[in-house]
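Convention: sequence-line order gives letters A, B, ...; per-chain numbering from 1. All values below come from the heavy atoms of this structure, side chains included, with hydrogens, waters and symmetry mates left out.
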Amino acid sequence: MNCFINKLKKALLLQVNFISSFYLWAVATLLCSAPMSSRPQYKFLKPGEASFSSDRSDADPTSCSSFIYNPNNKLPLDRQRQRLPIYAVKKHMLFLLERCQTLVIEGETGSGKSTQIPQYLLESGWCTEGMVGVTQPRRVACTSLASRVAEEQDCLLGTLVGYTIRFDDNTTPGQTKLKYMTEALLVREMMGDPLLRQYSVLMLDEVHERTLYTDILLGLLKKVLKRRKDLRVIICSATIDVHDMLHFFNFNKTADKSKDTAAVLSVTGRTFPVDVHYLQEACADYVKESARTVTAVHKTQPPGDVLVFLTGVEEVTQCVELIIQHLNTKNDNTGSMRGASVLPMHGSLSTSEQLRVFQSVGAGTRKIVVATNIAETSITIPGIVYVVDCGFMKLRVYSKSSASSNKEALTEGLSIVTTSKASATQRAGRAGRTRPGKVYRLYEESEYAALPDATPPEMLRTNLSPAVLNLLALGIDNMLRFEFPSPPPASHLKAALEELFAIGAITEGVALTQPLGQRMAEMPVPPQLAKMLLVSGEYGCREEIATVAAMLQVQSVLVTPHANAHNARKMHAKFQVEEGDLLTLLNVYVAWEREQRCKRWCGRHFVNHKSLNRASEIKSRILSLLDKWDVTNDQDIHQTTGGSSISSMRVRRCITAGLFCNAAYLHHSGQYRTVRSNTTLAIHPSSVLYTLQQPKWLVYNEVLHTNRAYMRDLTTIEEDWLTEIAPHFFQRRRVTDD
DNA sequence: GAGCACTGC
């Protein structure tokens, strides 16, 4: 502790009191540390005109998407089902499931596993005692798979076959036997039913994606399997990690194979061969090289649409412009020209702009889609024959801040890294869905061999406090003994435990506090925001905080179109207040409601209508939870205040109660430093405080690492509030050294 | 003094 204090420099500072969290630290350091994922470096060779090597046909377009190309869609449904590759192994699968608790199915796109396996289980009596639950990482997959299966079973969706995603439960209790759901939702269900008694079989689909919730579920199900010998678990994954999964779930530690509790079954897919082309010499600029390659494909290759993978919005925009230049003809605003239509595709586009890539561009015209990673798993564009893969992607990383600080701080950020072999294969597979295709990889063949096999699981790359809170609520109070499929580094767990302790979610003994911690776990928002919501009654600003929390859950409420940035900024200025971004967001929401949620008003003010509607849904869900727990505005506060400035202060004090760990002050050097670790951080240019007067003290909602470490979603606060609201965390001291 | 890939409760 003394040593820690000595490290701080000059002036009057607030300091973190780590005395109470020392125990947590001791617990956390006991946890075994996992090897950090190595981040491969991609080296560019000298610039120059590069050419592609000759055709090769060794592509293995393994991909597992919920959108399945169906070459038999003119046949009757039962004939279609029998033609799927999975049908050939149906009996073997059912036999293995009788014998083993866990079945790992290695299956490729178009094998029919996601739709057929649940029906085989239904038909062979696995649903008499309980349901078959199928998890998916994404919501659209749940809804589309459920409707397909309902159609094949000739039943109304929501009866025998149903789905459950957030805000949308389309099942009938007692009647629904096949239930598709998101992974996160099954984790929620386990809070009420830890042994999942209503399920006889659980099937986890797309496990190779290794989302945070996939890993949580894998660990939890392993525990449940030990307690419930009647339960069966089916793991569907791509080739890459089948043996890891088998090893993870096989409880047989003897050499006697007949005692194995897990088995593997392989199913071939139904995709077309994809020719792989590599550069013979590395390129200096993959954006320019992509545009050059697309142009060459358009001029020399037979008809067929093109999909380009780049890493970010800016690259996509630049590449679209370059391609249009290269194709060198007048283009109208639609991007159409001489037999080609060039379209961008990324998450920040509006729905209507995104829909354009699915629309037909007409016979004789080649569609060229330039996309981010959104096209790798989340969406499938039909008709793609050529893929151009730059070999890079943006990936969330969670690591020690490289910014100048005298104490380690873990922060989240995005980095551009090379893709993995699995990811390169997935991208290539996008070219072979309807007929044989070609992929152009903008790197050398030797570079491919150097790629990591798979992208590291999200569990190793993210802030763990939400996950740890979830596990605690599920009764996993000993992280030491929890079997993570990929154990996260001890430092990440330590940081999560410290944060949860600071906001009062857990005790020094790492137990969930009652009722605060328990309720925070049930809140569908990150722990710090949950804290803010649960104490909002005490500050008399329940409605306002519910709005702020909901607005922080949706992306891009304020839109700034490239072409109309000036006007957008002018309109956005109407909502801006010097108290910061969270109160600005509150203003936007209030204004939207005042205008009767008018869509045209949104357009005029460059506000995303879809996002606001979603925020409204989340807000209602939050408010109903607060009602359930009797979190209501304190009457005394309500009566004695009324003015808007006082109201703003109440809201900001309540925000401080949730985000006090993220406090920063304006150092005399003119830079902001965090109170917790004295890390230098800058105000992000998207913040309203970027142009307004810089406050002495503020709290931020998140840190974004790009070239520098930026704080986003800011709120101005008073220094005194910190010691007042979180006395356990802050101590006022005068530090005189240095 | 710039610029966030994608999910999910």
Side-chain angles (χ1 to χ4, degrees), chain A residues 66 135-142 164-169 181-191 206 209-217 309-318 345-349 354 371-379 390 392-397 412-417 419 423 426-427 455 458 461-462 466-467 469-470 473 520-527 529-530 549-550 553-556 560 562 565 614 617-618 621-622 625 670-672 680-687 689-692 694 702-713:
Chain A
S66 53
T135 68
Q136 295 289 332
R138 280 168 295 279
R139 297 151 50 106
V140 277
C142 296
T164 308
I165 58 179
R166 173 151 79 153
F167 300 131
D168 192 2
D169 181 3
M181 70 195 108
T182 46
E183 295 169 336
L185 218 98
L186 185 61
V187 173
R188 293 269 145 181
E189 270 189 21
M190 291 183 83
M191 287 186 190
E206 315 280 20
E209 286 190 29
R210 298 295 295 274
T211 68
L212 186 66
Y213 285 104
T214 309
D215 276 25
I216 291 176
L217 277 179
F309 284 101
L310 291 169
T311 74
V313 177
E314 222 162 312
E315 287 175 10
V316 166
T317 313
Q318 193 195 341
M345 181 69 205
H346 50 79
S348 333
L349 292 176
Q354 290 193 354
T372 62
N373 236 10
I374 195 171
E376 194 178 303
T377 48
S378 302
I379 61 155
C390 76
F392 290 90
M393 61 179 173
K394 271 188 186 156
L395 197 68
R396 184 205 297 261
V397 289
E412 284 184 288
L414 282 176
S415 284
I416 295 182
V417 298
T419 56
S423 181
Q426 172 80 3
R427 289 179 175 188
T455 307
E458 192 183 358
R461 301 184 279 112
T462 189
L469 189 62
N470 268 327
M520 281 161 69
E522 280 186 54
M523 276 276 172
V525 295
L529 296 186
Q553 298 304 292
V554 297
Q555 308 132 345
S556 52
T560 312
H562 206 65
R614 188 146 176 79
E617 275 186 331
I618 297 170
R621 169 85 184 123
I622 287 171
L625 281 171
Q671 292 174 314
Y672 281 92
T680 302
L681 295 174
I683 292 181
H684 193 273
S686 65
S687 170
L689 298 179
Y690 186 71
T691 46
L692 299 176
Q694 296 202 329
E702 63 174 10
V703 174
L704 165 67
H705 272 276
T706 50
N707 296 324
R708 300 173 62 188
Y710 290 102
M711 302 177 282
R712 286 165 55 94
D713 303 326

(request) Select base, sugar-phosphate, or nothing to describe what A:Glu315 touches, counting heavy atoms under 4.0 Å on all strands. (result) nothing
(message) Using a 4.0 Å heavy-atom cut-off, does A:Glu183 contact any base of the nucleic acid, only the sugar-phosphate backbone, or nothing at all?
(response) nothing
(request) Determine the contact category for A:Arg139: base if any of its heavy atoms lies under 4.0 Å from a base atom, sugar-phosphate if only primed atoms, P, OP1 or OP2 are that close, otherwise nothing. (result) sugar-phosphate
(message) Quick check on DNA chain B: between A:Leu185 and A:Pro685, whose nearest nucleotide comes earlier from the 5' end?
(response) A:Pro685
(request) Have a look at A:Val313 and say if it touches a base, only the backbone sugar-phosphate, or nothing, with a 4.0 Å heavy-atom cut-off. (result) sugar-phosphate
(request) Answer with base, sugar-phosphate or nothing: what part of the nucleic acid does A:Thr182 contact at a heavy-atom distance below 4.0 Å? (result) sugar-phosphate
(request) Using the test salt bridge (Lys or Arg N to Asp or Glu O under 4.0 Å), find all partners of A:Arg210 that sit at least two apart in sequence or belong to another chain. (result) A:Asp215
(message) Over all strands shown, is A:Tyr710 touching base, sugar-phosphate only, or nothing at heavy-atom distances under 4.0 angstrom?
(response) sugar-phosphate
(message) Taking salt bridge (Lys or Arg N to Asp or Glu O under 4.0 Å) as the definition, give me every residue that meets it alongside A:Glu376, ordered by chain and number, with sequence neighbours left out.
(response) A:Arg427
(message) Considering every strand and a 4.0 Å limit on heavy-atom distances, what is the contact class for A:Glu189: base, sugar-phosphate, or nothing?
(response) nothing
(message) Could you tell me if A:Thr377 and A:Glu209 have a donor-acceptor pair between their side chains, going purely by distance under 3.5 Å?
(response) no
(request) Anything under 4.0 Å to a heavy atom of chain A counts; send over the first and last such nucleotide of DNA chain B, read 5' to 3'. (result) B:dG1 to B:dC9
(request) Could you tell me which residues satisfy side-chain contact (heavy atoms from CB on, under 4.5 Å) with A:Gln318, sequence neighbours excluded, listed by chain and number? (result) A:Val287, A:Leu322
(request) With heavy atoms under 4.0 Å as the rule, sort A:Arg210 into base, sugar-phosphate or nothing. (result) nothing
(message) List the residues meeting side-chain contact (heavy atoms from CB on, under 4.5 Å) with A:Val703, not counting sequence neighbours, and say none if there are none.
(response) A:Thr411, A:Leu681, A:Tyr700, A:His705, A:Ala709
(request) Kindly write out the residues that satisfy salt bridge (Lys or Arg N to Asp or Glu O under 4.0 Å) with A:Arg712, not counting sequence neighbours, or none if the list is empty. (result) A:Glu702
(message) Quick check: on DNA chain B, is the nucleotide nearest A:Ser686 upstream (toward 5') of the one nearest A:Ile165, or the reverse? Name the residue that is more 5'.
(response) A:Ser686
